[in-house]
Amino acid sequence: MSRSDTTVRVRVIVHGAVQGVFFRDTCRREATARGVAGWVRNLRDGTVEAVFEGSDADVRAMVDWCRHGPPLARVDQIESHPERPEGLAGFEILR
């Protein structure tokens with residue numbers, strides 16, 4: 001099995017003006033288009049948290065996407081933390 005076939009998981013916290021700018025919906029669409037599983041949600045402190053599971057390349061692409069987000073977002077910083085994959089299927093917006 002090559003590295004690209006291995007499932008990886010990364011949790012990100014996105015800081016900045018990232019709520020109320022379609023970050024979650026755009027993230028869901030981007031992840032679904034790449035075949036990345038996981039979820040995204042707003043946190044009470046104004047950040048956005050997301051978990052991505054998929055191939056290394058696709059998960060890295062989603063983490064990179066989080067560095068700028070959708071057009072109306074202003075991303076100041078992201079934190080990323082590798083985690084053990086859980087075998088998620090699909091991508092959802094958590095409330």
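Please read all numbers here as calculations on a predicted model, not as lab measurements.
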**Message:** Do I13 and W65 sit in one hydrophobic cluster, given that two such residues count as connected whenever their side-chain heavy atoms are within less than 4.5 Å of each other, even indirectly?
**Reply:** no
- Item | Hydrophobic cluster identity match, V63 and F23, side-chain contacts under 4.5 Å | yes
Worksheet item: Is there side-chain contact between I93 and D25, with at least one heavy-atom pair below 4.5 Å?
Response: yes
Among the clusters formed by ILVMFWY side chains lying less than 4.5 Å apart, do M62 and V8 turn up in the same one?
yes
task: Using a 4.5 Å cut-off on heavy atoms from C-beta on, say whether the side chain of V14 contacts that of T47.
output: no
Between E53 and V36 (side chain of the first, backbone of the second, donor and acceptor by atom type, cut-off under 3.5 Å), is there such a pair?
no
Smallest heavy-atom separation, V21 atom then A17 atom, equals CG2-O, 3.8 Å
Taking every heavy atom of V48 against every heavy atom of Q19, the minimum-distance pair comes out as CG2-CG, 4.2 Å
Next on the checklist: Just so I know, are the side chains of L88 and V51 near enough to count as touching, which here means a heavy-atom distance under 4.5 Å?
Outcome noted: yes
With the 4.5 Å side-chain cut-off for hydrophobic clustering, are L72 and V75 part of the same group? yes
Evaluate E86 against R9 for salt bridge (charged side-chain N to carboxylate O under 4.0 Å, His left out), listing each step before the verdict. CA-CA 8 Å; E86 294 181 0; R9 176 183 169 113; 3.5 Å; yes
F22 side chain reached by P71 side chain, heavy atoms, under 4.5 Å:
no
**Study point:** Between W39 and F52, ring centroids under 6.0 Å
**Key:** no
Notebook entry, point to check: Does R60 pair with D64 as a salt bridge, N-O distance under 4.0 Å?
Noted result: no
In E79, E49, H81, the residue satisfying side chain to side chain donor-acceptor pair (under 3.5 Å) with R11 is E49
Side-chain ion pair, D76 and R74, N-O less than 4.0 Å | yes
Taken to the nearest 0.5 Å, the spacing of L43 CG from H15 NE2 works out to 9.0 Å
Are any of the side-chain heavy atoms of R24 and N42 separated by less than 4.5 Å? yes
Legend entry - V59 side chain reached by T7 side chain, heavy atoms, under 4.5 Å: no
